[in-house]
Number of protein chains: 2
Amino acid sequence: MTAHDHDSPAAVPAGPAPLATVAAAAGVSVPTVSKVLNSRPDVSAATRAKVQAALEAHGHTVRRPVSKPTGLVDIRVVSLESTWSEAVVRGAAESARRHGVDLVITVDPDPDDCGAWVRHALARGTDGAVSVVTVPDAAERQAFADALVPVVVVDPRVRPPEGLLSVGATNWQGGLDATAHLVALGHRRIGTITGDDAQANALARLAGYRTALIQAGIAPDDSLVRRGDFTVDAGYEEAWHLLSLDDRPTAIVASSDDTALGALRAVREAGLRVPDDVSLVGFDDLPIAAWLDPALTTVHQPLVEMGAAAVDLLHRARSGTGHTVRAELATTLVERASTAPPPEVVRGPVRART
Amino acid sequence: MTAHDHDSPAAVPAGPAPLATVAAAAGVSVPTVSKVLNSRPDVSAATRAKVQAALEAHGHTVRRPVSKPTGLVDIRVVSLESTWSEAVVRGAAESARRHGVDLVITVDPDPDDCGAWVRHALARGTDGAVSVVTVPDAAERQAFADALVPVVVVDPRVRPPEGLLSVGATNWQGGLDATAHLVALGHRRIGTITGDDAQANALARLAGYRTALIQAGIAPDDSLVRRGDFTVDAGYEEAWHLLSLDDRPTAIVASSDDTALGALRAVREAGLRVPDDVSLVGFDDLPIAAWLDPALTTVHQPLVEMGAAAVDLLHRARSGTGHTVRAELATTLVERASTAPPPEVVRGPVRART
DNA sequence: CTGTTAGCGCATTCAG
DNA sequence: CTGAATGCGCTAACAG
């Protein structure tokens, strides 16, 4: 290489050529080249192809269409039937309102596949997307990335992949707090009804339960761990299993308020009382928890705040400020009337259901 | 007028002139005239003014911009904190999904003024609007009409003005059914806690209550009618008033499940039992009604269906088919465990609260 | 033949 | 003053 190649006529690729040059090569006007360069829509397919070739030949790279803000943020929930999703939506709606954007809500029952939602939202155009529980797959995340649309998953079912924004609660701490509360009341045999064990939050709560027992010097007993799926019915069924044990527990940690509700019914049908014979702790702190009789001791999840945090995270991602990848919000134990010290004497297993 | 004026050269204003004529008069091309005629955006203000003048001089009238469908439908709720609105939103979401449009949800606490929402939705562009409870004022309705955007009010607070689309439940029938059910059980002294009496549905329920009494030959007694506002607290307070009467009622018709919940608490604090001493009927049939102890007898309002009906109505209004102005959905009495025959002997008023 | 829509380039404006 | 980005009105192709 010579020491003075700055005026060498052979030094062609010293940066991108002027648009006029490209325009001449493609046989179109300069504005048309500019439009293709910026992916504007008002160019025919034929012309666009010609110009693209010419651009690339001259060291240009076609830019992504600079999508103007739509003023819309999408949220997808699996169901609105539970108060759970509803609280998240409410929080998201409040935050959207503060940010001056509108919230587009989609209810789509499939807990695993949000592909249709992703495609639809991107086709319409959106400033950001919140997926509740469902984690988009790699292709879907790429589609969002290509469109420069940020995504946040609230309470992801599975461990969120590296780099995916998410919002959650301190599930491990919550499971620990619930169990430690029972230990402090004097319980030694504490059963639990978990959620779906394919679900990250359920596993975290279970781990918290185990840790609390170990910290108290109680050896975890797998016969006291029943697997449920967060529903009322699972709570009812699995509570019966626990109550039928020869050495039945004096307290039950449920994976959700719904599960606790089912367990409460089972305890009553077994002829036992809450909290005199069996203490019960829920998880979520849905409105119904306060209205149950007895009012349910439960782990409060800040669902409204989680919904709001999701939209806040989108906003910060868009504005380039903020580098939070996961926002984890604190749970708090709410002590009500469904927990008490264990009875002096625990009688044997309840008799089978009629 | 002559019998043959079809070829008379003086018969100038026989309909609008061709666009070519207008174009020549305005000194622009024919497509530009077409754009102005259709209120398309890509015409400068100066040119638009010239062309508009020429158009009007030649018997044309500028058309409203034919807004292409946005694929969005707006819904406004006063709050998402009650399960009530949530059910309506859920129904609307399902129907929107069926129609292939997206639902934009706005939570705006003001129960009377939806002006900000109306302006915002119309500025962005929307295919239809659902207002829950709040009735838009005349100016707002006119703004919708100008933009050719249909509006539906769900369960309007006030009697909806002539021509405004609305969806409601058979509130009068519901109030009648609840009361007649108690009459059939043998109750003669039946109290009621109404909703806000500025609200149309509350008045209809009260009228149904009165009608049922009269049909049963029972003279309505105004001391048994307490005015509430649909809340838990009102139920609690007004139930105390009823229970403190010298000749206290053996049954209470509440204006909502929330009100019934408050009343239930008051009855218990008064040392009485439901339904043994006092029967209780709610209104709405929210999920909590089934989970109360005792499970609440209540008038089911098809809230999900009402939400769906609202979006259906919008769709029919848009497609020009369908001339329904108000969809009124049937309520049904759900008999559970909070109602029973009255006690043989009714003791006097309960003693005052501590 | 009348009216509508797509797509291109002129002229202007904007950024450095 | 140069290179790039738009607003806007034209021609051309199309639809009824």
Side-chain angles (χ1 to χ4, degrees), chain A residues 6-7 9 11-71 123-125 147-148 320, chain B residues 6-7 9 11-71 123 125 147-148 319-320:
Chain A
H6 56 86
D7 54 357
V12 177
L19 292 204
T21 312
V22 182
V28 297
S29 70
V30 172
T32 301
V33 176
S34 172
K35 286 170 184 176
V36 172
L37 185 61
N38 295 296
S39 298
R40 288 182 40 142
D42 54 341
V43 178
S44 69
T47 307
R48 186 183 301 275
K50 278 194 312 187
V51 176
Q52 266 179 5
L55 275 169
E56 278 155 28
H58 289 82
H60 281 278
T61 169
V62 172
R63 299 166 199 162
R64 189 153 297 294
V66 54
S67 48
K68 8 176 179 176
T70 58
R124 169 184 15 86
L148 298 179
Chain B
H6 55 86
D7 55 357
V12 178
L19 291 205
T21 311
V22 182
V28 297
S29 71
V30 172
T32 301
V33 176
S34 173
K35 288 174 182 177
V36 173
L37 185 60
N38 295 297
S39 298
R40 288 184 39 146
D42 53 342
V43 178
S44 70
T47 307
R48 187 183 300 274
K50 277 195 312 188
V51 176
Q52 266 180 5
L55 275 169
E56 277 155 29
H58 288 82
H60 282 277
T61 167
V62 172
R63 300 167 199 162
R64 186 153 300 291
V66 55
S67 48
K68 330 126 233 211
T70 58
L148 298 178
S319 61

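Everything numeric here is computed off the predicted structure, so don't read it as measured data. Naming: A, B, ... by sequence-line order, numbering from 1 per chain.
Interface residues of residues 33-45 of chain A facing DNA chain D, ordered by number: A:S34, A:N38, A:R40; criterion, heavy-atom separation under 4.0 Å.
In summary, of the residues considered (B:L37, B:V43, B:V62), a side-chain contact (heavy atoms from CB on, under 4.5 Å) with B:Q52 occurs for B:V62 alone.
Residue contacts shown for A:R48 are absent, as no nucleic acid heavy atom lies under 4.0 Å away.
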List, one per line, each side-chain donor-acceptor pair under 3.5 Å for residues 44-51 of chain B, sequence neighbours excluded.
unit_1 : atom_1 : unit_2 : atom_2 : d
B:S44  : OG     : B:T47  : N      : 3.3
B:S44  : OG     : B:T47  : OG1    : 2.8
B:R48  : NH1    : B:R40  : O      : 3.4
B:R48  : NH2    : B:R40  : O      : 2.7

Acceptor/donor pairs from residues 23-35 of chain B side chains to any protein atom, 3.5 angstrom cut, sequence neighbours excluded:
unit_1 : atom_1 : unit_2 : atom_2 : d
B:S29  : OG     : B:T32  : OG1    : 3.2
B:K35  : NZ     : B:D42  : OD2    : 3.3

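No donor-acceptor pair closer than 3.5 Å links the side chain of A:H58 to the backbone N or O of A:P16.
Checked against side-chain hydrogen bond (donor to acceptor under 3.5 Å, both in side chains), B:R63 has the following partners two or more places apart in sequence or in another chain: B:N38.
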N/O-N/O pairs, protein side and nucleotides 12-16 of chain C side, under 3.5 Å:
none

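The phosphate of C:dC8 (OP1 or OP2) has a side-chain N or O of A:T47 nearer than 4.0 angstrom. Between D:dA4 and A:R63, no contact under 4.0 Å exists linking OP1 or OP2 to a side-chain N or O.
No side-chain heavy atom of A:R124 sits under 4.5 Å from any side-chain heavy atom of A:T70.
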**Request:** Sugar-phosphate atoms are those with a prime plus P, OP1 and OP2; base atoms are the rest. Using that split, label each nucleotide of nucleotides 11-16 of chain D B, S or - for protein heavy atoms under 4.0 Å, 5' to 3'.
**Result:** BB----
